[in-house]
Structure formats: C-alpha cells, structure tokens
Amino acid sequence: MASLVCMRKSLVVESGDSFKVYDRYGQHDVFYSHSVVCQTKDEKKKTEGSKTSEEKDDEKVKGEGGGEGQGSDKILARGCSVPDKYFAVATDNKELILWKTTPTWKHVSTRTVARRCTALVFTFKGDTILAADKSGDVYSFSVSDPEAPGTLLLGHLSMLLDIAIKDDDSFLITCDRDEKIRISHYPNTHSIYGYCLGHTEYITALCLSPFPGGILLSGGGDGTVRIWDWLKGEELHVEYLAKFCEELKDDKPPVVSKIVCNWVGKLVAVVIEGLNSVILFKLHTEVTPSLDAQLIESNPLPCKGKVWDVAFDCQGYLWVTQAVKDNTVQVYKYVPSCRPLRSVSSHEHFAAITTAINSDWDFFQSSLGEETMYSGLYKKHFDNLTPYFERKEERMKGKKRKEDKKGDEGSKKVRNEEVV
C-alpha cells in the first residue's frame, strides 16, 4: 500500500520499493527520490565475510524455524525523527536504511536487521532508531554511529505489530499478535511497567497522546478502537466499528490498519482495511476528578477508492492516499461547522503539490492489488474436546453393549441349568 509521512517542510510519498520527497512550501516538486535496491551477490559475500563466527552462529540460531526466505525491495516500515533531521525505512530484504534530511537529503547508512521489521520509531532525542520485528523483538540502532549493529532491547512471545514511545523517552509501548499491549521503562526495557489487556484479536495500531494524562488509542483485528489510561492499565472506552463497514461484506471483524490523531483539535482518523472511507471521531477527555475519555461519533469521510493511508501534518490538515487515479492524494481541513471535513486539495496552498503527485499514477502501480499481512494474523482455533467426548461416548456405549451381552449370556446359562 502507498504510505504518507508528513514532515514539517516536506511530504514523503511511498509506494512499493520507492519513495519521493516533495517540497511543501517551495516549488512543490520532487526534490529527492529513492528506489531501494537489494545488495548484489558480491556485496552480500563481502558483508558475510566481514562477520565474526559468533555473529554467524547467532544468525543461524535466529534463522532456525523462521521461515523467512529471500526478501524483495519492498518498504515495510518507515519513520522520521523529531525535529525532521533524519528519515529511515526498513525493507523486506532485512535492511534498515537511514538518511539525513537537512540541509539536503543524504544517504547515511544501510544496516542489516535480524528479522523483517513491522514498525519503526525514533526516540524524541533523535539519537536512536527503535525497530520492532516479526519475531517479537525490539532492537535499537544508533543514529550518531550509523554503522553500529542493533542492540536487543526487549522481546515478546509473538509478532510485534506497532510501537510507540513517550515524548520524554521514558516509556516504550509495544503491541503484538497475542492481544497484548506492553508498557516498558526506557531505556531499561527489562523493567515492565504494566499491560493494557482487553483486545480479543491482534493489535495493529497505537496512537499515544503527547500531553500529560496518559491517553493511548489502539485498534486491531477485533474491529474495535479502544482508549486506555495506560499509566493505570485501565480501559476507558471501546468503540465498535462494524456499523461503519457494511460494504465489506466479510464474516470477520473489520481490521484497523491505522489510527492518527490531531491532538490539538482532538480529531481521530481511523483507517479500516479495504474500506472506501476514513472513519472520524471527536475525542472527548476529562482529567478531573479522574481521567476519562470517549469517542464521539462523526460522519465517515467518503473516498472514491480503497484508502491506503492517512496522516495529520503539523498544521492539522489531514492527508489521505487512496487507490484512485488522478485523485490519489487528497487534503482535508477540519472545520467545526463542516461535517465531516472540508476538501482543500484545490486551494492555492495545496493545488500544486497534489497535482504533481496525482499526475504520477505510474508511481503507485506497485501498490495496486497488494495484499497485507493482516488476513493471516487471525489465530486458528481447534476444537479438540468435541471429538474427544464423541470417542469417549462411543467407548462407553461399546462397554455397555459388552456388559449387556455378558448379562444375557449369564441369564441364558442359568435357565439352561434350571431345565436340566
């Protein structure tokens, strides 16, 4: 799927194995583009030759039973630092690529990761990249030492799907396929602060408030968006999304693929996998006498095609990518008197950049028809008890038949003796 990253002065548009960076305030043209290219065989041999025997043994152990073959160049995760000084992507080929974005975009390093990444986040200090992967581990990669290998921070027992960090770098929040949200101290991640438990399926998206009060939003494969007081591990609100997804006509719950929030305007945007609209909510919070929060329904934002991604920029505008030719990227503004949102794509400030992006339909071809990993994350439940009880009942019936047969034979023998 095509993705968006809204930076302060630029917009990163990603599709397949490539991304383009647009100037939001200048000429609105592409001023940097990049296509990920896997290492050649000679480069791989050179890289392998530079590894120590311990590193090779460690990779061999990690690879046993992993089921991961040769990857493609597809970008799996991305992230930018705050402020926008660095940008990083993780690829299907198990590479972590870092760029410096100021004063101009410049490639810094390409490092190998142990497993394919599912999410990336920079610490707010901007000195570390945190990468969550499919094996359930989080690794930290230094920005100041761009050639240093990753350091293992923590591990879950199942695949990690998203990661978030508190704005003072004091807590790290991770979610996994086993319906758990874990809060760990950072950087001492061996110390677990607590859990947020309540989801009934895998958790795909986290959105953490930058304000004091401990508000966390989460969504996943159970078709809900939940609000947490994560400092206490308490669930404050549950919003069921099936009522918005009748067009999907699926027997499984809708899958939340993205949650973003304009914390100033308290507007929450939710993307459902395969849905041709963005579900919008107003977030209502109360701090006294105790922390409370709930989502107030708003009208869904209709789109002309399948929604790929959404992102709020620093000015509160909502950017949407959708699988529609000539209207791939649209921009919306929240106005209290206008429901759901007002389109501003044709306004003077956005017309040039949206036209430039939407005229490049070939760039988005690699995102068409692309399958996500979410459908394969549902756990298969096996009913072992029913066959067991059926077999037990058959054994009991067979035993009773044998006892009845013996009883009939005993009665017949007694009658024959009496006749004699």
Side-chain angles (χ1 to χ4, degrees), residues 4 6 79 118-119 121 124 132 160-167 171-177 179-184 193-245 253-273 275 277-287 290-298 300-301 307 309-313 316 318-320 334 340-341 374:
L4 285 171
C6 289
T118 54
V121 66
F124 279 82
L160 289 178
L161 298 174
D162 204 2
I163 185 172
I165 190 166
K166 198 173 184 300
D167 56 354
F171 289 99
L172 184 64
I173 303 177
T174 49
C175 62
D176 62 22
R177 187 186 179 187
E179 310 101 31
K180 294 191 301 295
I181 299 174
R182 182 199 292 184
I183 298 97
S184 305
Y193 178 82
Y195 291 89
C196 294
L197 305 176
H199 281 280
T200 57
E201 288 289 351
Y202 55 88
I203 305 168
T204 57
L206 297 173
C207 188
L208 180 62
S209 168
F211 301 119
I215 291 292
L216 173 69
L217 286 86
S218 65
D222 58 1
T224 66
V225 172
R226 298 172 189 254
I227 306 178
W228 306 88
D229 180 354
W230 60 271
L231 290 171
K232 296 181 179 179
E234 295 181 359
E235 184 179 273
L236 303 177
H237 180 79
V238 182
E239 188 69 33
Y240 295 91
L241 305 176
K243 55 189 173 184
F244 301 104
C245 308
V255 179
V256 177
S257 61
K258 187 74 172 286
I259 301 176
V260 293
C261 187
N262 174 6
W263 294 104
V264 177
K266 293 187 176 181
L267 183 67
V268 179
V270 180
V271 178
I272 298 296
E273 182 67 23
L275 194 65
S277 61
V278 180
I279 303 176
L280 302 171
F281 298 97
K282 283 292 291 181
L283 178 64
H284 175 73
T285 60
E286 294 181 359
V287 179
S290 61
L291 181 63
D292 191 18
Q294 60 180 328
L295 294 175
I296 303 174
E297 281 190 28
S298 179
L301 176 65
V307 178
D309 196 13
V310 295
F312 281 107
D313 63 19
L318 179 66
W319 295 71
V320 179
Y334 171 65
L341 291 178
Y374 298 135

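Throughout, numbering of the chain's residues begins at 1 and tracks the sequence.
- Looking at Lys180, its side chain never comes within 3.5 Å of a backbone N or O of Tyr195 through a donor-acceptor pair.
- Judged by distance alone, the side chains of His199 and Glu201 never bring a donor and an acceptor atom under 3.5 Å apart.
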- Item | From CA spacing to verdict: side-chain contact (heavy atoms from CB on, under 4.5 Å), Leu341, Leu267 | CA-CA 11 Å; Leu341 291 178; Leu267 183 67; 3.9 Å; yes

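- Cys245 and Pro254 make their closest contact through SG-CB, 3.7 Å (heavy atoms, listed as atom of the first residue, atom of the second, distance).
- Atoms CD1 and CZ, on Ile173 and Arg182 in that order, are 12.5 Å from each other to the nearest 0.5 Å.
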- Task: Show your working on side-chain contact (heavy atoms from CB on, under 4.5 Å) between Leu208 and Trp230 and close with a plain yes or no.
- Result: CA-CA 9 Å; Leu208 180 62; Trp230 60 271; 3.2 Å; yes

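- Thr118 places no side-chain N or O within donor-acceptor distance of the main-chain N or O of Asp162, the cut-off being under 3.5 Å.
- One finds the CD1 atom of Ile279 at 9.5 Å from the NZ atom of Lys243 (value rounded to the nearest 0.5 Å).
- Judged purely by atom type and a 3.5 angstrom limit, Thr200 has no side-chain atom pairing as donor or acceptor with the backbone of Asp222.
- When all heavy atoms are compared, the tightest approach of Cys175 to Ile181 is CB-CG1, 4.2 Å.
- Remark: the backbone N or O of Glu234 is not paired with any side-chain donor or acceptor of Asp229 at under 3.5 angstrom.
- Closest of all the heavy-atom pairs between Ala269 and Val278 is CB-CG1, 3.9 Å.
- Rounding to the nearest 0.5 Å places NE2 of His237 at 9.0 Å from CD1 of Ile296.
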- Message: Run Leu172 and Ile163 through side-chain contact (heavy atoms from CB on, under 4.5 Å) and show every step you take.
- Response: CA-CA 7 Å; Leu172 184 64; Ile163 185 172; 3.7 Å; yes

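- Side-chain contact between Ile259 and Ser218 is absent, with no heavy atoms from C-beta onward closer than 4.5 Å.
- With hydrogens and angles ignored, the 3.5 Å screen pairs a side-chain donor or acceptor of Tyr202 with a backbone N or O of Tyr374.
- Between atom OG1 of residue Thr285 and atom CG of residue Leu295 there is a gap of 11.0 Å, rounded to the nearest 0.5 Å.
- In this structure, the side chains of Phe124 and Ile165 come closer than 4.5 Å at one or more pairs of heavy atoms.
- Within the 4.5 Å cutoff, side-chain heavy atoms of Ile215 are placed close to those of Leu236.
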- Task: Please report the C-alpha distance between Phe312 and Cys6 in whole Å, then the side-chain angles of each, then the deciding distance to 0.1 Å, and finally whether the side-chain contact (heavy atoms from CB on, under 4.5 Å) criterion is met.
- Result: CA-CA 7 Å; Phe312 281 107; Cys6 289; over 6 Å; no

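- Counting all heavy atoms, side chain and backbone alike, Lys258 lies closest to Val310 at NZ-O, 3.2 Å.
- Smallest separation of non-hydrogen atoms from Thr224 and Val256: O-CG2, 3.9 Å.
- Counting heavy atoms from C-beta outward, Leu283 and Trp263 have side chains that approach closer than 4.5 Å.
- Shortest non-hydrogen contact noted between Val268 and Cys261 is CG2-SG, 3.7 Å.
- Separating the CG atom in Asn262 from the CG atom in Asp313 is a distance of 8.5 Å, to the nearest 0.5 Å.
- Arg177 CZ to Leu161 CG: the interatomic distance, rounded to the nearest 0.5 Å, is 8.5 Å.
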